[in-house]
Amino acid sequence: AMLGCALLLPTVLGEDCPSQCSCWSLGEPWGTRVDCSSRGLRALPALPHRTRSLHLHNNSLASIPAGALDSLGHLQELQLWDNPWHCDCHILYLKLWLQDFSAPALARLRCASPAPLRMKPLGQLTGNDLGVCTRLLPTKCLQFFWRDLILIAGAVVTLLLVAWALKLSKKLVCQLRLGRRLRRSIPKTC
């Protein structure tokens with residue numbers, strides 16, 4: 001009976017746990033609880049892949065890098081409130097990720113900066129609020145436009161060459177057939 005009780009108690013993890021955080025195993029099927037709250041974090045640490053519960057509240061996080069939470073497939077609880085979120089286009093990843101993950105968690109987050117968005121709920125941000133992103137977007141779109149245009153032109157040229165080669169090969173086949181046959185009637189396929 002004593003062994004059964006010991007297995008139910010959380011055990012501290014060492015290797016996967018970020019040095020700034022505390023981690024507890026919730027047991028093999030349940031994953032890991034990671035507590036990084038109130039640690040003065042300015043950046044998201046590398047997290048264990050089996051993180052089930054993540055506490056990042058009361059830190060100095062201004063944004064979460066795009067893709068940083070995508071590998072946490074076991075995550076079921078996330079606390080991010082009480083961070084000074086900087087609401088520019090870099091916050092879009094977090095907003096969209098939280099829309100899928102947890103509407104209540106998103107509802108608790110408020111912008112700390114820039115000044116016009118101070119105290120605005122992150123979930124209520126619109127494209128108009130993030131005007132900087134529209135200035136960044138055309139340059140990136142233009143790069144994709146030229147790349148795509150070159151790819152399309154290459155595909156069209158390739159198709160034209162294939163069509164020309166097929167037409168030329170059909171003529172050659174017809175000429176070879178005509179050369180072998182010494183008949184006067186010309187096949188209708190040529």
Side-chain angles (χ1 to χ4, degrees), residues 13 16-26 29-156:
L13 296 177
D16 286 338
C17 191
S19 59
Q20 317 92 307
C21 306
S22 301
C23 300
W24 294 272
S25 173
L26 301 172
W30 295 289
T32 307
R33 179 179 188 266
V34 181
D35 186 359
C36 302
S37 62
S38 305
R39 310 289 166 107
L41 296 178
R42 294 183 176 276
L44 187 70
L47 299 164
H49 289 295
R50 295 194 45 85
T51 300
R52 184 180 182 97
S53 173
L54 178 58
H55 298 257
L56 290 165
H57 56 281
N58 196 27
N59 277 296
S60 299
L61 298 171
S63 69
I64 300 286
L69 301 172
D70 294 348
S71 64
L72 303 178
H74 300 282
L75 194 64
Q76 291 195 351
E77 179 191 10
L78 178 61
Q79 296 182 5
L80 290 167
W81 41 272
D82 247 358
N83 278 290
W85 301 110
H86 182 70
C87 296
D88 63 3
C89 48
H90 300 293
I91 203 76
L92 278 177
Y93 165 74
L94 180 61
K95 178 185 184 238
L96 296 173
W97 192 88
L98 282 172
Q99 281 175 346
D100 289 339
F101 178 76
S102 168
L106 179 59
R108 292 192 74 176
L109 303 187
R110 301 204 177 279
C111 300
S113 59
L117 300 178
R118 186 167 172 73
M119 296 308 295
K120 183 163 186 171
L122 181 59
Q124 293 179 11
L125 290 181
T126 65
N128 291 336
D129 295 326
L130 305 172
V132 176
C133 296
T134 58
R135 276 183 246 138
L136 294 175
L137 190 60
T139 305
K140 290 181 181 175
C141 284
L142 199 56
Q143 290 170 354
F144 288 120
F145 171 76
W146 287 114
R147 185 202 64 195
D148 292 346
L149 190 62
I150 290 169
L151 288 173
I152 290 168
V156 168

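All of these numbers come straight from a predicted model, not from anything done at the bench.
Minimum heavy-atom separation, Asn58 to Ser38: ND2-OG, 2.8 Å. Shown here for Leu72 and Pro48, the closest heavy-atom pair between the two residues is CD2-O, 3.4 Å. In terms of heavy atoms, Asp129 sits closest to Gln124 at OD2-O, 3.8 Å. Ile91 and Trp85 make their closest contact through CD1-CE3, 3.8 Å (heavy atoms, listed as atom of the first residue, atom of the second, distance).
A distance-only check finds a donor-acceptor pair linking the side chain of Arg118 to the backbone of Ala112 [under 3.5 Å]. Here the side chain of Asn59 pairs a donor or acceptor atom with the backbone of Arg39 at under 3.5 angstrom.
Side-chain atoms of Asn83 and Leu41, non-hydrogen and from C-beta on, never get closer than 4.5 Å to each other. At least one side-chain heavy atom of Leu125 sits under 4.5 Å from a side-chain heavy atom of Cys111. With a 4.5 Å cut-off on side-chain heavy atoms, Pro114 and His86 count as touching. Contact check for Ser63 versus Leu94: no side-chain heavy atoms found under the 4.5 Å cut-off.
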For Leu80 and Leu98: C-alpha separation, side-chain torsions, deciding distance, then whether side chain to side chain contact (heavy atoms under 4.5 Å, CB included) applies. CA-CA 10 Å; Leu80 290 167; Leu98 282 172; 4.0 Å; yes
Worksheet item: What's the verdict on side chain to side chain contact (heavy atoms under 4.5 Å, CB included) for Leu44 and Leu69, showing C-alpha distance, side-chain angles and the deciding distance?
Response: CA-CA 10 Å; Leu44 187 70; Leu69 301 172; 4.2 Å; yes
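Pairs passing the side-chain hydrogen bond (donor to acceptor under 3.5 Å, both in side chains) check and including a residue from residues 91-111, sequence neighbours excluded, read Asp70-Tyr93.
Between the OG atom in Ser60 and the CZ atom in Arg42 there is a gap of 5.0 Å [rounded to 0.5 Å]. Here OG1 of Thr32 is found 11.5 Å from CH2 of Trp24. Values are rounded to the nearest 0.5 Å. Atom CG of Leu47 sits about 8.0 Å away from atom SG of Cys23, to the nearest 0.5 Å. For the atom pair Arg33 CZ and Leu26 CG, the distance stands at 8.0 Å (nearest 0.5 Å). Distance SG/Cys87 to CG/Leu109: 9.0 Å, rounded to 0.5 Å. To the nearest 0.5 Å, atoms CG (Leu75) and CZ (Phe101) are separated by 4.0 Å.
For CH2 of Trp81, the number of neighbouring non-hydrogen atoms (other residues, nucleotides, ligands) closer than 6.0 Å is greater than 12.
Remark: the Arg52 side chain and the His74 side chain contain no N/O donor-acceptor pair separated by less than 3.5 Å.
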